[in-house]
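Shown next, in structure tokens, is the structure this report addresses.
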Amino acid sequence: MANLIDSITSSRVWKSFFRHGWPDDELNRSLVMTTNIFFHLHPVKVSRRSIRATYTWGLGVLAAILFVVLAVTGTLIMFYYVPSTELAYHNIIDLQTKVPYGQLMRNMHRWAAHGMVLIVVLHMARVFYTGAYKPPREFNWIVGVVLLLLTLGASFTGYLLPWDQLSYWAITVGTNIAGYTPLIGPKIRLMLLGGFEVGQNALTRFYALHIMVIPLLMTLLISLHLWRVRKDGGLAAQNIPERPDSRLEFQ
Ligand code: HEM
């Protein structure tokens, strides 16, 4: 039996999958982390403090999970939705009343979108109150700010897509407000709407932004964000002394 196990684990096929031995020493433990795409996202070592649930409250991970839920449900909705002023409204009604699980899909997409705005804001507050934005994490804070803006942008552009009264007037008001930006306001409004009022051009632009431009940028930036967490030495909690009265010391 031992011979059989030995010949399997020393075969080329086995070694092409598992490029390190059993993780029972320092070297193999770090090889497990660095050669596995999923574990690779984590630092090889983490401090006990930084994995305390009450340090991050799981908010960053929750935001990432909501992003995945939005991508999956959004892709499913795209099978039934045409971004046309004639069809969009009826597509959404049909999605809710005729497509199996369509209502569930739409509700999941909508609630995950609301949830993501809330969770990202809470995550930002957590990062701020634990001082985790300070060097060397200031670059990741900036990446985070862009992610927050993109999250809000995704919400705003998605709002128009059902093409009902609520979305029509919300985007009319929203783009009018953008139009009051000093100097560049009218240009921004024209660029967003592709005209002087909310119509087919606006719907086409908002759709392109919502399903392609913003999600693509967010995917790239979330990857950069997580990579930076690792490169900056894991979560900032490792700098926090473990004493109960340590709050003042890390600020
Ligand atoms: C799509 C939105 C976002 C996602 C998916 C995301 C994801 C994450 C994750 C998974 C972590 C590590 C675990 C955690 O802290 O919970 C993290 C850490 C961090 N995030 Fe975000 N984040 C987002 C938005 C933001 C925003 C808006 C900011 C600030 C403006 C920000 C700043 C940071 C910083 C500075 C860290 C390092 C924290 C530390 O070392 O303790 N992130 N993020």
Side-chain angles (χ1 to χ4, degrees), residues 33-34 36-75 77 108-159 161 206 208-244 246-251:
M33 303 303 272
T34 47
N36 180 307
I37 177 131
F38 300 109
F39 292 154
H40 188 75
L41 290 172
H42 295 281
V44 176
K45 285 183 179 174
V46 290
S47 80
R48 201 175 277 276
R49 266 154 287 173
S50 67
I51 51 174
R52 247 184 356 212
T54 50
Y55 175 64
T56 62
W57 298 99
L59 293 167
V61 170
L62 267 179
I65 291 174
L66 286 174
F67 180 71
V68 174
V69 170
L70 285 162
V72 173
T73 52
T75 307
I77 291 172
M108 278 178 72
H109 197 72
R110 218 183 168 93
W111 284 104
H114 293 322
M116 186 160 171
V117 172
L118 178 72
I119 295 288
V120 170
V121 170
L122 290 177
H123 170 60
M124 186 168 84
R126 186 296 280 176
V127 168
F128 180 75
Y129 284 117
T130 54
Y133 56 85
K134 293 177 188 174
R137 294 176 178 76
E138 70 275 42
F139 175 73
N140 220 10
W141 172 264
I142 302 297
V143 175
V145 172
V146 180
L147 277 171
L148 173 69
L149 294 178
L150 286 172
T151 307
L152 296 176
S155 280
F156 185 63
T157 49
Y159 213 82
L161 304 186
F206 275 52
L209 287 169
H210 187 76
I211 63 127
M212 182 54 78
V213 181
I214 295 177
L216 196 68
L217 287 175
M218 287 188 78
T219 306
L220 292 176
L221 285 182
I222 290 174
S223 315
L224 175 64
H225 196 61
L226 298 182
W227 179 73
R228 275 315 320 171
V229 170
R230 183 179 169 170
K231 282 288 153 190
D232 293 336
L235 295 173
Q238 66 206 1
N239 302 328
I240 303 175
E242 212 150 5
R243 293 206 312 273
S246 62
R247 217 153 48 87
L248 292 176
E249 283 182 40
F250 69 86
Q251 289 187 347

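All ligand and atom numbering here is 1-based and tracks the order in the structure. Values in this document were obtained by computation on a predicted structure and should not be read as measured data.
- An N or O contact shorter than 3.5 Å is missing between Tyr133 and ligand 1 by distance.
- Remark: ligand 1 atoms within the under-4.0 Å shell around heavy atoms of Val120 are 2 (C), 27 (C).
- Here the closest heavy-atom approach between residue Val69 and residue Ala112 is recorded as CG1-CB, 4.0 Å.
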Under the criterion side-chain contact (heavy atoms from CB on, under 4.5 Å), I'd like the reasoning laid out for Thr151 against Met218: C-alpha separation, chi angles, the key distance, then a yes or no.
CA-CA 8 Å; Thr151 307; Met218 287 188 78; 3.5 Å; yes
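- Note: Phe206 CZ to Leu209 CG = 7.5 Å, rounded to the nearest 0.5 Å.
- Here the protein heavy atom with the shortest distance to atom 16 (O) of ligand 1 is Gly60 N, 3.0 Å.
- Not a single heavy atom of Phe67 sits closer than 4.0 Å to an atom of ligand 1.
- For atom 35 (C) of ligand 1, the nearest non-hydrogen atom of the protein is Val127 CG1, 3.4 Å.
- By the 4.0 Å heavy-atom criterion, Thr130 is excluded from the residues contacting ligand 1.
- Atoms of ligand 1 found under 4.0 Å from any heavy atom of Val145, numbered from 1 in the order shown, are 30 (C).
- The atoms of ligand 1 that sit less than 4.0 Å from any heavy atom of Arg126 are 14 (C), 15 (O), 38 (C), 39 (C), 41 (O).
- Counting just the N/O/S atoms of His123, the one with the shortest distance to atom 21 (Fe) of ligand 1 is named NE2.
- At the top of the distance list for atom 27 (C) of ligand 1, counting protein heavy atoms only, stands Gly144 O, 2.9 Å.
- With a 4.0 Å cut-off on non-hydrogen atoms, Leu226 touches ligand 1 through its side chain and not its backbone.
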CA sep, side-chain torsions, deciding dist, call: Tyr55, Leu235, side-chain contact (heavy atoms from CB on, under 4.5 Å)
CA-CA 9 Å; Tyr55 175 64; Leu235 295 173; 4.0 Å; yes
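- Using cut-offs of 30° and 60° on the angle between ring planes, the pair Trp141 and Phe128 is tilted.
- Only the side chain of Val229 comes within 4.0 Å of ligand 1, counting heavy atoms alone; its backbone N, CA, C and O stay farther away.
- Residue, atom and distance of the protein heavy atom nearest to atom 5 (C) of ligand 1 are Ala64 N, 3.5 Å.
- Taking only nitrogen or oxygen atoms, main chain and side chain alike, Tyr55 reaches within less than 3.5 Å of ligand 1.
- Considering only non-hydrogen protein atoms, atom 4 (C) of ligand 1 sits nearest to Ala63 CB, 3.9 Å.
- Annotation: Gly58 places no N or O atom under 3.5 Å from an N or O atom of ligand 1; distance criterion only.
- Taking atom 13 (C) of ligand 1 as the reference point, the nearest protein heavy-atom neighbour is Leu235 CD2, 4.0 Å.
- Rounding to the nearest 0.5 Å places CG of Leu62 at 10.5 Å from CG of Leu118.
- In this structure, of Arg137, Met218, Arg230, the residue bringing a heavy atom nearest to atom 37 (C) of ligand 1 is Arg137.
- Taking 4.0 Å as the cut-off, Trp57 does not count as a neighbour of ligand 1 on heavy-atom distance.
- The closest protein non-hydrogen atom to atom 40 (O) of ligand 1 is Ala236 N, 2.8 Å.
- Ranking protein heavy atoms by distance to atom 3 (C) of ligand 1, first place goes to Leu147 CD1, 3.9 Å.
- In the vicinity of Met116, heavy-atom distances shorter than 4.0 Å reach the ligand 1 atoms 1 (C).
- Within the set Arg228, Glu138, Met124, His225, the minimum heavy-atom distance to atom 42 (N) of ligand 1 is found for His225.
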